[in-house]
**Student:** 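Sharing a structure, written as structure tokens. Questions coming.
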Amino acid sequence: MSFSFEITKKSSEAPLARVGIIHTPHGDIHTPAFITVGTKATVKSLTVEDVSNYVGAQAVLANTYHLYLKPGDDLVLKHGGFAKMMGWSGPTFTDSGGFQVFSLGQAIGHGVSKIATSEEISKRETKEETSNHEKLAVIDDDGVTFKSIHDGSVHRFTPERSMQIQHNLGADIFFAFDECTSPLAPIEYQKEAIARTHAWAKRSLDEHKKLGVSVATGKQQALFGVVQGGAYEGLRKESATVLGGMDFDGYGIGGSFTKEDMATAVKWVNEILPENKPRHLLGIGEPMDMLLAIENGVDTFDCVSPTRIARNGALYTYDGRININNNQYKNDMSPISDDESWYTHKYTKAYLSHLFHSDEMLAATLASIHNLKFITQLVDDARQALVDDKFMEFKNSFIKRYYKK
RNA sequence: UCCGUGGUAGCUCAGCGGUAGAGCAGUUCGCUGUUAACGAAUUGGUCGUAGGUUCGAUCCCUACCCACGGAG
């Protein structure tokens, strides 16, 4: 089976929202779907059985930069791709390394997130000057020079190189090499950056066509272009128009956003992108953000948040986020999750609290299973609500309960 | 019984004439295409007890109590 996308239902309530199926050589993805992140070919602290049986994940996303450095894409290739290496038989994605352009470049050392509040953006000058940290990613028009996070060795990524590595990694769906910009970058810089990203998109596409099927899997891979443009309407629309005109199999919506109106930026883009191709919102995974994005036509998501905050003791619940490390849970005999069908129903909050306070590895595992299940289930439920023409009701009741203060 | 060393935050310890600090633990917050089992903030102490010297003692002196080591 090769790659294709079919829309099985358009929402009667929101003009951009839809339900669909992404067909890949390794199975179908029912959309909207949350894609679990496994950066280094592992969903941190979980086995693939946890990921499929307890989380119910449909697909896994790994990272080009990290696997290229360790263990090396040649070694991943020897396994027949990263999915085989990690024992995952379902659909897979790889990110291109474009996010590391930001996270190891502008972001490093001064705690800038790709999502900034409008207040932070208005104070951008003061924040940008505090760059006493050496950048590990330096951009030029042809590509990016990275310094390894492991040993400082120098590595060169170009669109072509990213494609070659991703062909070795063998994901069903992979992304063009792009430049993820800082939300604090001024519009002049964002303009330069999307010009680069568009040129790199074309080069990515050309190289992918030249390479043919994945050497790792022998399967045809689907390439998604990545829309940039930050929080600027004109740039987002321009990027969607330019990339939408290229022959990609689908689209990633990447880059930085303003916290308060991410959904607006998604809407600008999705009104322009070809309707019949899937849209992946890169690196977004907070409940509210996802629901608004689904409403505005996003099909898939990936995000490190569920697993990262899990390892640090934060859990999603339908009544909002909790920190299981808090004193009140030491004696809380209620189950981690209320739903009896969830794996984490069998354990008490007091037990998980104990595991965290004792620095036990199982703490990360149970918390990660729980958070991934929560987020995956949320998107699955949203999909069902779309099918049932009850999306707005579903969204509003979830938000009312989750964000009540 | 004698000699020695030491008793400072819950723990391990630093400080040494001007009424105290660190790390960890504790408490709380933050993490959105993973440089993250990470980062940040913050609560804890009449410095073993009782005297003495001194303008002033956690610090110097004496006695006592406790712990550890050595001798017997």
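Naming: A, B, ... by sequence-line order, numbering from 1 per chain.
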**Student:** Taking the C1' atom of each, how far is rU43(B) from rC29(B), in whole Å?
**Tutor:** 15 Å
**Student:** Using a distance-only test with no angle check, is there a side-chain donor-acceptor pair under 3.5 angstrom linking S337(A) and D339(A)?
**Tutor:** no
**Student:** Would you say the side chains of E275(A) and N270(A) form a donor-acceptor pair under 3.5 Å?
**Tutor:**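 Absent: no donor and acceptor within the cut-off.
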**Student:** Within the structure shown, what part of the strands sits under 4.0 Å from E360(A) by heavy-atom distance: base, sugar-phosphate, or nothing?
**Tutor:** nothing
**Student:** So which one's nearest nucleotide on RNA chain B is more toward 5', N326(A) or G283(A)?
**Tutor:** N326(A)
**Student:** What side chain to side chain donor-acceptor pair (under 3.5 Å) pairs are there with at least one residue in residues 248-257 of chain A, not counting sequence neighbours?
**Tutor:**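 Residue pairs with at least one partner in residues 248-257 of chain A: there are none.
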**Student:** Show me, pair by pair, the donor-acceptor contacts under 3.5 angstrom made by side chains of residues 312-319 of chain A, not counting sequence neighbours?
**Tutor:**
residue	atom	partner	partner atom	Å
N312(A)	ND2	R308(A)	O	3.2
Y316(A)	OH	E286(A)	OE2	3.2
T317(A)	OG1	D319(A)	N	3.0
T317(A)	OG1	G320(A)	N	3.3
T317(A)	OG1	G320(A)	O	2.7
D319(A)	OD1	R401(A)	NE	2.8
D319(A)	OD1	K404(A)	NZ	2.9
D319(A)	OD2	R401(A)	NH2	3.1

**Student:** By side chain to side chain donor-acceptor pair (under 3.5 Å), which residues pair with T300(A), not counting sequence neighbours?
**Tutor:**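 By the side chain to side chain donor-acceptor pair (under 3.5 Å) rule, T300(A) matches H280(A).
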**Student:** Mind checking D289(A) for me? I need base, sugar-phosphate or nothing, with any heavy atom below 4.0 Å counting as a touch.
**Tutor:** base
**Student:** Which class fits the ring pair Y402(A) and F374(A): parallel under 30°, tilted 30 to 60°, perpendicular over 60°?
**Tutor:**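 Y402(A) and F374(A): tilted rings.
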**Student:** Give D178(A) one of three labels, base, sugar-phosphate or nothing, depending on what nucleic acid heavy atoms sit under 4.0 Å from its own.
**Tutor:**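 Since a base atom lies under 4.0 Å of D178(A), the category is base.
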**Student:** Considering only the C1' atoms, how many Å lie between rU12(B) and rG18(B), rounded to the nearest integer?
**Tutor:**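 Rounded to whole Å, the distance is 28 Å.
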**Student:** Among residues two or more places apart or on two chains, list those pairs meeting ring-ring contact (aromatic ring centres under 6.0 Å, His included) that have a residue in residues 223-247 of chain A.
**Tutor:** F175(A)-F224(A)
**Student:** Please name all residues satisfying side chain to side chain donor-acceptor pair (under 3.5 Å) with S334(A), sequence neighbours left out, ordered by chain then number.
**Tutor:** D332(A), K349(A)
**Student:** Students often get this wrong, so: under 4.0 angstrom with heavy atoms, is G255(A) touching a base, only sugar-phosphate, or nothing?
**Tutor:**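 Here G255(A) touches the bases of the nucleic acid.
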**Student:** For a quick check of understanding: with a heavy-atom distance under 4.0 Å over all strands, which category does K40(A) fall into, base, sugar-phosphate or nothing?
**Tutor:**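 If one applies the 4.0 Å heavy-atom cut-off, K40(A) turns out to touch the sugar-phosphate alone, with no base involved.
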**Student:** Please give the distance between the C1' atoms of rC47(B) and rU58(B) as a whole number of Å.
**Tutor:** 4 Å
**Student:** Contact boundaries of RNA chain B with chain A (under 4.0 Å, heavy atoms), 5' to 3'?
**Tutor:** rG26(B) to rC38(B)
**Student:** For H357(A) and for C180(A), find the nucleotide of RNA chain B with the closest heavy atom, then tell me which residue's nucleotide is more 5'.
**Tutor:**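 The answer here is H357(A).
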**Student:** Students often get this wrong, so: under 4.0 angstrom with heavy atoms, is S45(A) touching a base, only sugar-phosphate, or nothing?
**Tutor:**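 Counting heavy atoms under 4.0 Å across all strands, no contact is made by S45(A).
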**Student:** For rG44(B), decide between syn and anti, treating a glycosidic angle within 90° of 0 as syn.
**Tutor:**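 It is syn.
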**Student:** Show me, pair by pair, the donor-acceptor contacts under 3.5 angstrom made by side chains of residues 258-267 of chain A, not counting sequence neighbours?
**Tutor:**
residue	atom	partner	partner atom	Å
E260(A)	OE1	S118(A)	N	3.2
E260(A)	OE2	S118(A)	N	3.3
E260(A)	OE2	S118(A)	OG	3.2

**Student:** Would you measure the distance from the P atom in rA63(B) across to the matching atom in rU5(B) and give it in whole Å?
**Tutor:**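 My reading of the P atoms in rA63(B) and rU5(B) gives 14 Å.
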**Student:** Return the set of residues passing side chain to side chain contact (heavy atoms under 4.5 Å, CB included) with D172(A) (not counting sequence neighbours), or none when no residue passes.
**Tutor:** T24(A), P25(A), H26(A), P91(A), T92(A)
**Student:** Need one value for H280(A): base, sugar-phosphate or nothing, where a base atom within 4.0 Å counts as base even if backbone is also close, heavy atoms only.
**Tutor:**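 If one applies the 4.0 Å heavy-atom cut-off, H280(A) turns out to touch nothing in the nucleic acid.
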**Student:** Under 4.0 Å between any heavy atoms, over every strand shown, what does S113(A) touch: base, sugar-phosphate, or nothing? Just pick one.
**Tutor:** sugar-phosphate
**Student:** Looking at RNA chain B, which of residues 47-70 of chain A put a heavy atom within less than 4.0 Å of it?
**Tutor:** L61(A), N63(A), H66(A)
**Student:** Hey, does D302(A) reach any base, or is it just sugar-phosphate, or nothing, if we go heavy atoms under 4.0 Å?
**Tutor:** sugar-phosphate
**Student:** Only counting residues at least two apart or in another chain, list the ones meeting side chain to side chain donor-acceptor pair (under 3.5 Å) with R311(A).
**Tutor:** none
**Student:** So what stems show up for RNA chain B if we need 3 or more Watson-Crick or G-U pairs in a row, all under 3.5 Å?
**Tutor:**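 Counting only runs of 3 or more consecutive pairs, the stems involving RNA chain B are B:1-7 with B:65-71, B:10-13 with B:21-24, B:26-30 with B:38-42, B:48-52 with B:60-64.
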**Student:** Under the side chain to side chain contact (heavy atoms under 4.5 Å, CB included) rule, collect the residues that match up with V215(A), sequence neighbours excluded.
**Tutor:** L77(A), N168(A)
